[in-house]
Amino acid sequence: FNLTLGATCTLRDNRSGRALWEKRVISATREVFTDGGQLQSEYKALPLLTEALAARIVHATLDAW
């Protein structure tokens, strides 16, 4: 199975409040193997999936500069 986690993000300039980008959809996908059951596999993959999503958000943020 492939698990996909997504977020809709807005990046604002803290001083002016102006949006640098708005409602950008960012997602990450991770393969899940169901050796010990699907639910258990999803629980084990979730921390890795959230880490990948966070890395993509940071990458999207730093690409603005």
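Predicted, not measured: the structure shown is a model, and the values here were computed from it.
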From Arg18 atom CZ to Leu11 atom CG, the distance as rounded to the nearest 0.5 Å: 9.5 Å
Nearest heavy atoms of Ala28 and Leu49, plus distance in Å: O-CD1, 3.4 Å
From Thr8 atom OG1 to Ile26 atom CD1, the distance as rounded to the nearest 0.5 Å: 9.0 Å
Any donor-acceptor N/O pair, Thr10 side chain to Lys23 backbone, under 3.5 Å: yes
Donor-acceptor contact below 3.5 Å, side chain Arg12 vs main chain Gly17: yes
Spatial distance of atom CG (Asp63) from atom CH2 (Trp21) [nearest 0.5 Å]: 9.5 Å
Hphob cluster co-occupancy, Leu48 + Leu53, side-chain heavy atoms under 4.5 angstrom: no
Leu3 side, atom CG; Arg30 side, atom CZ - distance, nearest 0.5 Å: 10.0 Å
Distance in Å, Thr61 OG1 paired with Arg24 CZ, rounded so as to fall on 0.5 Å steps: 8.0 Å
Pairwise side-chain contact, Leu5 with Ser27, heavy-atom cut-off 4.5 Å (strictly under): no
